[in-house]
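When a ligand or atom number is given, it counts from 1 through the structure's own listing order. Just so you know, these numbers use all the heavy atoms, side chains as well, and skip hydrogens, waters and symmetry mates.
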Amino acid sequence: MTAENPYLLLTPGPLSTTPAVREAMLRDWCTWDADYNNLVEGMRRDLVALAVPDEAKRAEYTAVPMQGSGTYGVESVIGTVVPSDGRILVIANGAYGRRAAQIARTLRINTAELSYRETERPDAAETAEFLDENPDVTHVLMIHCETTTGILNDIESVAHEVKRRGRIFIVDAMSSFGGIPIDMDGLGIDFMISSANKCIQGVPGFSFVIARRAGLEKCAGRARSVSLDLYDQWKVMEEGHGKWRFTSPTHVVRAFIEALMELQEEGGVEARHKRYAENQRRLAEGMAALGFRPLLSKEVQSPIITSFLYPDKTFDFKDFYEFMKGEGYVLYPGKISEADTFRVGNIGDVHMKDIEGVLAAAAKYVKK
Ligand SMILES: *Cc1c(COP(=O)(O)O)cnc(C)c1O
């Protein structure tokens with residue numbers, strides 16, 4: 001806690017950033033100058049390196065930043081990659097999956113949906129069956145970590161079925177990329193979406209898409225929007241060596257590059273994953289001891305964010321929220337219909353001492 005940051009954000013983005021990330025925003029940059037464009041090119045290479053561990057495979061992939069929050073990135077992919085005679089299957093077990101389906105329908109794309117309860121993981125065998133029965137499905141989209149609950153979906157087994165059938169696989173890895181190792185090439189993911197203010201720990205302002213070049217090259221002229229044309233954004237950036245089509249969020253990009261450096265300094269995605277996972281375990285165990293049971297079983301719980309059930313009928317989240325905020329910790333409300341929950345995020349510049357602080361504050365509230 002500092003004068004400019006009176007409380008820690010335990011929320012899934014925007015999240016608590018380091019002072020160095022915030023300080024990186026103090027300089028102004030020219031959007032078309034080589035000084036800035038070279039930074040953008042380095043950032044794009046770094047993103048591909050994070051998504052594709054095998055160095056020999058990296059040339060087959062490319063990264064495209066897109067202005068706007070994460071949803072803009074999702075919309076740019078759906079709207080640009082599905083051809084007019086294509087059909088997308090959206091696998092949904094939470095609000096972000098449902099939003100992706102809503103985007104596809106709004107864009108008048110032929111859309112199918114496989115829906116699951118929010119506490120249930122999508123089943124790869126059912127995806128396989130659906131694809132066999134529906135050969136017209138060209139694209140499949142699923143969410144990696146459904147931030148609605150914090151459930152970690154099994155993209156590995158679904159990827160296997162999708163690739164065996166030769167369909168294009170799109171993953172919303174918004175809240176997991178940078179915090180959970182993902183081998184895009186190993187899994188056969190064609191398009192993967194994330195944003196600046198999640199596990200890379202930057203500030204909000206742009207999303208980014210990592211794509212298999214060969215897949216993206218086929219998407220010329222398919223977009224249903226000018227500003228969200230992922231292909232055009234990529235083409236201009238490739239040809240202009242880091243030049244954005246329209247005004248670039250320069251300060252946010254500079255902060256993001258600082259955040260990427262800090263991720264390397266921490267030891268990369270594996271080390272960050274370990275920190276998040278240890279923090280999540282301690283949080284869940286400490287909260288359970290105070291009467292706050294996690295919604296999900298350990299087997300499906302992600303290290304990103306945890307949903308806790310209200311301890312009893314008299315529990316007043318608003319009151320608890322205000323108390324915790326006064327103690328220096330901002331929590332997140334629940335978002336599901338099945339049960340009364342609230343959420344606590346682990347992502348961001350949050351360390352074990354902070355988790356101990358959260359638990360001490362929650363203990364004070366319980367004993368009040
Ligand atoms: C955060 C998030 C998004 C994007 O949300 P925005 O508010 O547009 O940034 C999409 N999918 C998932 C899984 C997310 O966690």
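Between Asp123 and Tyr116 the shortest side-chain heavy-atom distance falls below 4.5 Å. When side chains are defined from C-beta on, Tyr231 does not count as touching Arg222, because their heavy atoms never get closer than 4.5 Å. Using a 4.5 Å heavy-atom cutoff, the side chains of Met287 and Leu359 are in contact. Using a 4.5 Å heavy-atom threshold, the side chains of Leu50 and Ile200 count as touching.
In summary, the atoms of ligand 1 found under 4.0 Å from a heavy atom of Ser175, numbered by their order in the structure, are 15 (O). Distances below 4.0 Å separate heavy atoms of Cys145 from the following atoms of ligand 1: 13 (C). The ligand atoms of ligand 1 that sit less than 4.0 angstrom from a heavy atom of Thr147 are 12 (C), 13 (C), 14 (C), 15 (O).
For Thr71, heavy-atom contacts with ligand 1 shorter than 4.0 Å involve the backbone as well as the side chain. With a 4.0 Å heavy-atom cut-off, ligand 1 is reached by the side chain of Arg99 but not by its N, CA, C or O. Here Ile143 has side-chain heavy atoms under 4.0 Å from ligand 1, and that is the only part of it that gets that close. Proximity of Ser195 to ligand 1, defined as any heavy-atom pair under 4.0 Å, is not found for any part of the residue.
Among all non-hydrogen protein atoms, the one lying nearest atom 9 (O) of ligand 1 is Gly70 N, 3.0 Å. Ranking protein heavy atoms by distance to atom 10 (C) of ligand 1, first place goes to Tyr96 CD2, 3.3 Å. With respect to atom 11 (N) of ligand 1, the closest heavy atom belonging to the protein is Asp172 OD2, 2.7 Å.
Distances shorter than 4.0 angstrom occur between a heavy atom of Lys198 and an atom of ligand 1. For Ser207, the closest heavy-atom approach to ligand 1 does not fall below 4.0 Å.
When all heavy atoms of Gly94 and Glu118 are compared, the pair lying nearest together is CA-CG, 4.1 Å. Here the closest non-hydrogen pair linking Ser307 and Arg343 is OG-CG, 3.5 Å.
Lys198 forms a cation-pi arrangement with Tyr96, by the criterion of a distance under 6.0 Å to the ring centre and an angle within 45° of the ring axis.
Ion pairing of Lys274 with Glu278 is present here, as a side-chain N (NZ or NE/NH1/NH2) and a carboxylate O approach within less than 4.0 Å.
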### Message
side-chain contact (heavy atoms from CB on, under 4.5 Å), that's the test. Do Asp340 and Phe315 meet it? Break it down for me.
### Response
CA-CA 10 Å; Asp340 286 329; Phe315 180 73; over 6 Å; no
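Here's the thing with Ser69: one of its N/O atoms is less than 3.5 angstrom from an N/O atom of ligand 1.
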